Amino acid sequence: MTRATGADDAVRDDGGKRRGGFPMFSAASEDGGPHFGRFVSAMRDLQDLAVSAAPDPEVFGAAADKAEELAAMLRPYAAEEGRSPANRSIGLPGRGSLLMLPWMLTGLEPGRVTAAGVFRRYHLGGNGAAHGGVLPLLFDDIFGMVTHAQGQPVSRTAYLTVNYRNVTPLEKELTVEATVDSADGRKTYVSGRLWDGGTLLADADALMVRLQPWQP
Ligand SMILES: CCCCCCCCCCCCCCCC(=O)SCCNC(=O)CCNC(=O)[C@H](O)C(C)(C)COP(=O)(O)OP(=O)(O)OC[C@H]1O[C@@H](n2cnc3c(N)ncnc32)[C@H](O)[C@@H]1OP(=O)(O)O
């Protein structure tokens, strides 16, 4: 991530430990270490299979045994927000968070952020197309980034509107772009476009409002 500009300092209120009402989180060291990326990739495969596999019923029993065993292995290490490498591993797709789309940034500059990636089987809505609910997730995240890159790092989405222009395919490399359209004090108006090559799949616009120091 690029360093934010002047407005960044304007919203610091705790010796640099907080911005707005947010604790400041740092990027995860070495993207969570040598095995974290592989772990997240395997978990994404499991997400795809959890929503698509149709085995004999007893196979689900064996799979549940293994899933419960894995959860028991990790449960002692559950940590508060900002400590897991998930969501802080900026070199991994979706910053290493299973919630985020497994996309990678392809460009980040003040006023414009681009990313590329695929929607997977896990993101299926119906009839081979991505679920309509995952597009706002993609736009919201990239709108957060373009606002961050603009120097308004602790802003929250006040509204977000998506126009669905064409159905969004799965397992096909797509691109998304977000730009800052205008800024007015604490308010940053942003817009974005999701493309399949030259075909516009969806566009969106949102208002991001910079938090006051006391706002969560
Ligand atoms: C560590 C290594 C990795 C780093 C990686 C960094 C990259 C980083 C990527 C993360 C990317 C995630 C990005 C997710 C971003 C969310 O998704 S945040 C979660 C979803 N949003 C929320 O939960 C917000 C909930 N709402 C609120 O908290 C409050 O309503 C808000 C938005 C802060 C505004 O509250 P407020 O400050 O009291 O607002 P208020 O003073 O009434 O209004 C301020 C101005 O905005 C206007 N306004 C406010 N709401 C609206 C509205 N809905 N419509 C129109 N105008 C509005 C007002 O009219 C007012 O305008 P002016 O009068 O000043 O002209």
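Every number for a ligand or one of its atoms is a count from 1 in the order of the listing. Scope of the values below: all heavy atoms of this structure, side chains included, with no hydrogens, waters or symmetry mates. Sequential numbering from 1 along the given sequence is applied to the chain's residues. Just so it is clear, the model here is predicted, and its values are computed rather than measured.
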Treating [X] as the side-chain partner and [Y] as the backbone partner, does any N or O pair qualify as donor plus acceptor under 3.5 Å?
X	Y	answer
D48	Y122	yes
S84	A86	yes
S97	G94	no

Identity of the nearest option to atom 12 (C) of ligand 1, non-hydrogen atoms only, from V154, D141, T147: D141
Closest to atom 57 (C) of ligand 1 among L207, V209, L137 (heavy-atom distance): L207
S26, portion touching ligand 1 at heavy-atom distance under 4.0 Å: backbone
Part of Q212 within contact of ligand 1 (heavy atoms, under 4.0 Å):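 For Q212, no heavy atom sits under 4.0 Å from ligand 1.
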With heavy atoms of [X] as the reference, note each atom of ligand 1 found under 4.0 Å away.
X	value
G144	11 (C), 13 (C)
L211	33 (C)
M145	7 (C), 9 (C)
Q215	35 (O), 36 (P), 37 (O), 38 (O)
F25	1 (C)
R156	18 (S), 19 (C), 22 (C), 23 (O), 24 (C)

Backbone or side-chain N or O of R186 under 3.5 Å from ligand 1 N or O: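 It does: an N or O of R186 is found under 3.5 Å from an N or O of ligand 1.
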N/O separation below 3.5 Å, K187 to ligand 1: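 Yes, K187 has an N/O under 3.5 Å of an N/O on ligand 1.
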Would [X] and [Y] count as having a side-chain donor-acceptor pair, cut-off 3.5 Å?
X	Y	result
T106	T114	yes
R193	S191	yes
T161	D205	no

Enclosure of Y159 OH (heavy-atom neighbours >12, cutoff 6.0 Å): yes
Electrostatic pair R120-D45, nearest N-O below 4.0 angstrom: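 Salt bridge present between R120 and D45.
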